[in-house]
K.L.:
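Supplied in C-alpha cells, the structure appears directly below.
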Amino acid sequence: MQGILTRRVFSGKISLCSQRCFSQLAQKDASLQENDVTVPKMPPFDYSPPPYNGPTVDEILAKRKAYLSPSLFHLYKKPLNVVDGKRQYLFDDEGRRYLDGFGGIATVGCGHCHPDVVEAIVNQTKRLQHSTVLYLNSAIADFAEALASKLPGDLNVVLFTNSGTEANELALMMAKLYTGCHDIISLRNGYHGNAAGTMGATGQSVWKYNVVQTGTHHALNPDPYRGVFGSDGEKYAKDVQDLIEYGTSGNVAAFVSETIQGVGGIVELAPGYLPPVYSSIKKAGGLCIADEVQAGFARTGSHFWSFEAQGVTPDIVTMAKGIGNGIPLGAVVTTPEIAKVLTRRNYFNTFGGNPVCTAAGLAVLRVIEKENLQENAHVVGSHLKDRLTALKNKYEIIGDVRGRGFMLGVELVTDRQQKTPAKAETAHVLDQMKELGVLIGRGGIYSNVFRITPPLCFTKEDADFLVDAMDYSFSKM
C-alpha cells in the first residue's frame, strides 16, 4: 500500500488507510460533529479470541444450502459468522468484537461462556454425561430443589424437558388431563412453540403452518400500543370471559400467555389484565399457564418471573432459554396435585433432566444470585429504556419504546398517527448497527420492532454504546 499508513479505531476494530483515506474520514467526522452525532466508540474489553482457522463464510453458506433446511434464514445482508463469545460480547471469524444485545434470543443470561457454567458442564461431562432418570443422580434433584425455591406457593414439582416448545406442549397436555376439558384460550400475537399444540396456541400466522389446529381460542391482545383499549387491562379481560361464554361449553382446560410477548415484539400485557382473566378461567374450571420461556430468570429485573409483575400465581409455569444459558433445557413447574395426572400412564423423557444440562441449570441459578444479575437487569435496563425513550423524542420513526429490564422493544413506524409499520427501515437500521458493532434482534408480526434482550451482565457503558449506535444509524437514514 502506498502512502503513510494510519491506524484508526472504529467500533472495536482497527483498520488501515492511506493519508488520503484518513483525510476523507476526518472530513466526514467533522461533518458528523456539526450534526451532533458522532461515530460511537465501543467500551474497552480485556479479551482477545484465539485465531480462527475454520471454514469461510462462503463455505458455511454452501454447506447450509446443501445439507440444512431451506427454512433457515439469517438476519443480515452480509451473514455474520460468530466463532467466539465472552460475557456480553461476540467475535466473528476476523476477530471483530460485537456487543451482543440479543443474547441468543433472550437465552444467554449469565453471559457467553461464563466460567462457572462452563466448569459445571465440563466437570459433569467428565464424570457422567448421560444415564437415565430410571437411575438416581443428584444433579437433577439438586437443580429441581433450587428451581422450586424460586417459585411461589405450591409450585414445587419440576418436570424437565429439552426446549420451550416441549415444555409448553407438556403443560397444555397436563391441563387437558387435569380438567377433562380440551378448550385452550391464548392471546393473539403470542408465541408458544412450533409443535402441534403450541402452534395452535400461537397467535401469529407467520409461525403457523396449514395443519390441523383445533380447540384454541385467541383472545384480544392487551397491547397498550396497538390494542383497541390502550392500557385498560380490565376491558381486554372481558374478551376472555366472552370467549368462555360464546366459544366454549362454559368450561375450559387452560389459559396460556406470556406476560411480555417476545417473538410478538416485546409487548408487555396491559396493567391489571391477568388478575381478572385468571379469575374467569378458574370459574370455568381451567388452569392458568404462565409461559416464562423468554421473560423468566430475572430478565425483567423488577421480578425473577415476569408474571409476578401482574400480581398473580399461575397453576403451571413453563420455562427454557435462560434456564441453561444456552444448554438445551426446559422445564414445567406445577403443583403436586396437578403433577399426579401423569401417573395415569407412563410418562418418560429420555433427555429431560440430563445430568449435564441440570448441572448447568444449577450453575446458572447460582451465578444469577452471586452476581446480583436481577438487580443489574433492573438498574441498567431502566437506564437503557430511559435513553431509548429520549431517542424516541428525537426521531419520529420511533413509535414506541416498551418492556422492562433487559427485555425491551423499540417499534418503528413511518407514521405515528397511523402506526404504519416501518419494516424496510427496521431492516436497514439493524444492518447499520451491526456494521457499528452492535447486534440486536427484530420481531413483531410486521418485523418492525427491535428486540433488545442482552445478557444480564450488560453494563451502563454497553447500554450507552447501544443507544449511541442506534442514534447514529437513525441520523444516517
K.L.:
Answer yes or no: is there a donor N or O on one side and an acceptor on the other, between the side chain of Thr389 and the main chain of Arg387, under 3.5 Å?
P.N.:
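Judged by distance alone, no pair lies under 3.5 Å.
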K.L.:
Is there a side-chain contact between His130 and Val356 in this structure, where contact means two heavy atoms from C-beta onward sitting under 4.5 Å apart?
P.N.:
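His130 does not reach Val356 side chain to side chain.
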K.L.:
Over 60° means perpendicular and under 30° means parallel, so classify the ring planes of Tyr89 and Phe45, tilted if in between.
P.N.:
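Phe45 vs Tyr89 ring planes: tilted.
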K.L.:
Any Lys/Arg nitrogen of Glu411 or Arg402 sitting under 4.0 Å from an Asp/Glu carboxylate oxygen of the other?
P.N.:
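Yes, Glu411 and Arg402 are salt-bridged.
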K.L.:
State whether the side chain of Asn325 and the backbone N or O of Cys110 hold a donor-acceptor pair below 3.5 Å, judged by distance alone.
P.N.:
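Yes, Asn325 side chain to Cys110 backbone: donor-acceptor pair under 3.5 Å.
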K.L.:
Of the non-hydrogen atoms in Ala331 and Phe160, which two are nearest, and what is the gap between them?
P.N.:
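Closest approach of Ala331 to Phe160: CB-CD2, 3.9 Å.
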K.L.:
Please set out all donor-acceptor pairs under 3.5 angstrom arising from side-chain atoms of residues 131-152, sequence neighbours excluded.
P.N.:
residue, atom, partner, partner atom, Å
Thr132, OG1, Leu134, N, 3.1
Asn137, OD1, Ala139, N, 2.9
Ser149, OG, Ala146, O, 2.5

K.L.:
Under 6.0 Å between the ring centres of Tyr47 and Phe91?
P.N.:
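So the answer is yes for these two rings.
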K.L.:
Taking all non-hydrogen atoms of both residues, which atom of Pro455 and which atom of Arg87 are closest, and how far apart?
P.N.:
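Closest approach of Pro455 to Arg87, heavy atoms only: CG-O, 4.1 Å.
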K.L.:
Might you point out which heavy atoms bring Leu155 and Ile316 nearest each other, and give the distance in Å?
P.N.:
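Shortest heavy-atom contact: CD2-N, 4.3 Å.
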K.L.:
Check whether any side-chain heavy atom of Phe406 sits under 4.5 Å from a side-chain heavy atom of Val380, and report yes or no.
P.N.:
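In contact.
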K.L.:
What donor-acceptor contacts under 3.5 angstrom involve side-chain atoms of residues 421-432, with partners at least two apart or in another chain?
P.N.:
residue, atom, partner, partner atom, Å
Thr426, OG1, Ala422, O, 2.6
Asp431, OD1, Lys77, N, 3.1

K.L.:
For the side chain of Tyr395 and the backbone of Asp471, is there at least one donor-acceptor N/O pair under 3.5 Å apart?
P.N.:
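Yes, Tyr395 side chain to Asp471 backbone: donor-acceptor pair under 3.5 Å.
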K.L.:
Would the distance check show the side chain of Asn376 and the main-chain N or O of Phe458 forming a donor-acceptor pair, the cut-off being under 3.5 Å?
P.N.:
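Yes, the answer is positive, given that a donor and an acceptor are paired below the 3.5 Å cut-off.
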K.L.:
Take atom CZ in Arg366; do more than 12 heavy atoms of anything else shown fall under 6.0 Å from it?
P.N.:
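Atom CZ in Arg366 is not packed in, count stays at 12 or less.
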K.L.:
Quick one: does Glu258's side chain have a donor or acceptor within less than 3.5 Å of a partner on Asp291's backbone?
P.N.:
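No.
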K.L.:
Does Thr334 use its side chain to pair, donor to acceptor, with the backbone of Val317 at less than 3.5 Å?
P.N.:
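Side chain of Thr334 to backbone of Val317: no pair is present.
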K.L.:
Do Asp223 and Arg188 sit within salt-bridge range, that is, some charged N less than 4.0 Å from a carboxylate O?
P.N.:
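Looking at Asp223 and Arg188, the cut-off is not met.
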K.L.:
Does atom CZ of Arg416 have more than 12 heavy-atom neighbours from other groups under 6.0 Å away?
P.N.:
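Count over threshold, so yes.
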K.L.:
Glu375: which residues meet the salt bridge (Lys or Arg N to Asp or Glu O under 4.0 Å) condition with it, sequence neighbours left out?
P.N.:
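Counting only residues at least two positions away or on another chain, Glu375 forms no salt bridge (Lys or Arg N to Asp or Glu O under 4.0 Å).
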K.L.:
Test of understanding: with side-chain hydrogen bond (donor to acceptor under 3.5 Å, both in side chains), list the residues that count as partners of Thr318, not counting sequence neighbours.
P.N.:
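Thr318: side-chain hydrogen bond (donor to acceptor under 3.5 Å, both in side chains) contacts with Asn168.
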K.L.:
In a table with atom names and distances, give each donor-acceptor pair under 3.5 Å that connects a side chain of residues 436-446 to protein atoms at least two apart or in another chain.
P.N.:
none

K.L.:
For residues 62-69, tabulate all N or O donor-acceptor pairs below 3.5 Å that involve a side-chain atom, not counting sequence neighbours.
P.N.:
residue, atom, partner, partner atom, Å
Ser69, OG, Ser71, N, 3.0
Ser69, OG, Ser71, OG, 2.6

K.L.:
Provide the closest heavy-atom pair for Pro314 versus Phe307 in the form atom of the first, atom of the second, distance.
P.N.:
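Taking every non-hydrogen atom into account, CD-CE1, 3.5 Å.
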K.L.:
So, does Thr202 use its side chain to make a donor-acceptor pair with the main chain of His192 at under 3.5 Å?
P.N.:
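Judged by distance alone, yes, a pair lies under 3.5 Å.
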K.L.:
For the backbone of Asn162 and the side chain of Glu166, can you confirm whether one donor and one acceptor N or O come within less than 3.5 Å of each other?
P.N.:
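Yes: the side chain of Glu166 pairs with the backbone of Asn162.
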K.L.:
Counting neighbours of CG on Asp154 that are heavy atoms of other residues, nucleotides or ligands and sit closer than 6.0 Å, is the number greater than 12?
P.N.:
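Check fails, neighbour count at 12 or below.
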